[in-house]
Protein chains: 2
Amino acid sequence: MEQRKLYNRIAVLREERDISRKELAEKIGVNYQTVGYLERGEYNPSLDLAFKISEFFGLPIEFIFSTKPMKPLSEEILNLKKLEETWKKEEPQKDGAQG
Amino acid sequence: MEQRKLYNRIAVLREERDISRKELAEKIGVNYQTVGYLERGEYNPSLDLAFKISEFFGLPIEFIFSTKPMKPLSEEILNLKKLEETWKKEEPQKDGAQG
DNA sequence: TTGAATTATTGTATAAATACAACAAAATTA
DNA sequence: TAATTTTGTTGTATTTATACAATAATTCAA
């Protein structure tokens with residue numbers, strides 16, 4: 001099967017938790033170089049390995065991996081905050097006495 | 001890497017939509033026998049293939065695949081309905097005049 | 001009941017995923 | 001600054017995922 005190159009957030013998630021590739025590799029039970037290959041997109045993981053990474057970070061697979069280039073998390077957060085502001089304007093407060 | 005046997009709901013989802021392995025295979029671009037191997041758990045898919053199956057069914061990967069044996073959907077639905085009943089008892093109706 | 005479609009099984013071949021080794025470069029720490 | 005750790009690169013080997021072929025069994029439709 002022709003494999004699409006997949007994208008992932010492994011490096012960012014590692015950085016957030018201040019752990020090295022070696023540490024992550026030990027935790028999920030693979031060679032440390034495998035983590036490097038995955039981060040650089042040199043090959044895609046098996047689904048089993050994707051589950052292991054998902055379980056380690058406590059995040060859904062679809063949050064970590066994607067078939068399309070992923071936006072930086074910072075950008076996604078900003079977009080969510082804008083959306084939140086929009087919602088606040090369209091739906092005034094129901095709870096509380098004052099608007 | 002030692003591969004864990006993964007579990008999946010491919011067969012049920014196919015049945016729900018009344019499509020054969022051959023049809024699914026053609027849609028996601030694999031040999032029809034590959035679908036059979038996956039359903040029977042003879043080997044696990046690559047993450048890319050898992051994404052293709054996920055996209056076809058419009059369901060999250062974690063809904064279709066699991067590292068543990070999955071409960072029948074019917075059982076999960078019943079559990080959710082029970083949970084719903086529990087919630088209705090603990091939180092009486094806020095909207096509407098009558099309870 | 002027959003024919004077609006679908007599925008199961010076995011085997012071979014190929015491609016991709018992963019481990020490991022060795023070496024080098026870059027980054028970090030003391 | 002030197003030592004250590006982390007990361008990148010290349011190569012080889014092994015395992016797993018997938019395609020394809022052939023055959024048989026099962027299921028479904030007419």
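This one's a predicted model, so the numbers in the text were calculated from it and none came from an experiment. The sequence lines fix the lettering, A, B, ..., with proteins before strands; numbering per chain opens at 1.
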- Query: Any side-chain N or O of A:N31 less than 4.0 Å from the OP1 or OP2 oxygen of C:dT18?
  - Reply: no
- Message: Quick check: is B:M70 connected to B:I61 through a chain of hydrophobic side chains (ILVMFWY, heavy atoms under 4.5 Å apart)?
- Response: no
- B:Q3, nearest nucleotide to its side chain (from D:dT16, D:dT10, D:dT18): D:dT16
- Item | N or O in side chain of B:S46 less than 4.0 angstrom from D:dT16 OP1/OP2 | no
- Using whole Å, report how far CD of B:E39 lies from P of C:dT9. 13 Å
- Query: Given atom CG of B:L24 and atom P of C:dT6, what is their separation to the nearest angstrom?
  - Reply: 13 Å
- Note on the structure: Ranking A:E42 and B:K22 by the position along DNA chain C of their nearest nucleotide, the one closer to 5' is B:K22
- Item | Atom-to-atom span, CG of A:N44 to C1' of D:dT18 - whole angstrom | 14 Å
- Query: Within this structure, what is the CG-to-P distance between B:L38 and D:dT18, rounded to whole angstrom?
  - Reply: 6 Å
- Message: Nearest to the A:Y37 side chain among D:dT9, C:dA17, D:dA22, which nucleotide is it?
- Response: D:dT9
- CD (A:E15) with more than 12 external heavy atoms under 6.0 Å: no
- Item | Which nucleotide in C:dT9, D:dT9, C:dA17 has an atom nearest any side-chain atom of A:Q33 | D:dT9
- Query: Taking everything shown except B:K71 itself, do over 12 heavy atoms lie less than 6.0 Å from its NZ?
  - Reply: no
- Query: Is there a side-chain polar atom (N or O) of A:R14 under 4.0 Å from OP1 or OP2 of D:dT6?
  - Reply: no
- Message: Tell me whether A:E23 is salt-bridged to A:R17, with the criterion being a basic N under 4.0 Å from an acidic carboxylate O.
- Response: no
- What is the distance from CD of A:E15 to P of D:dT6, rounded to the nearest Å? 13 Å
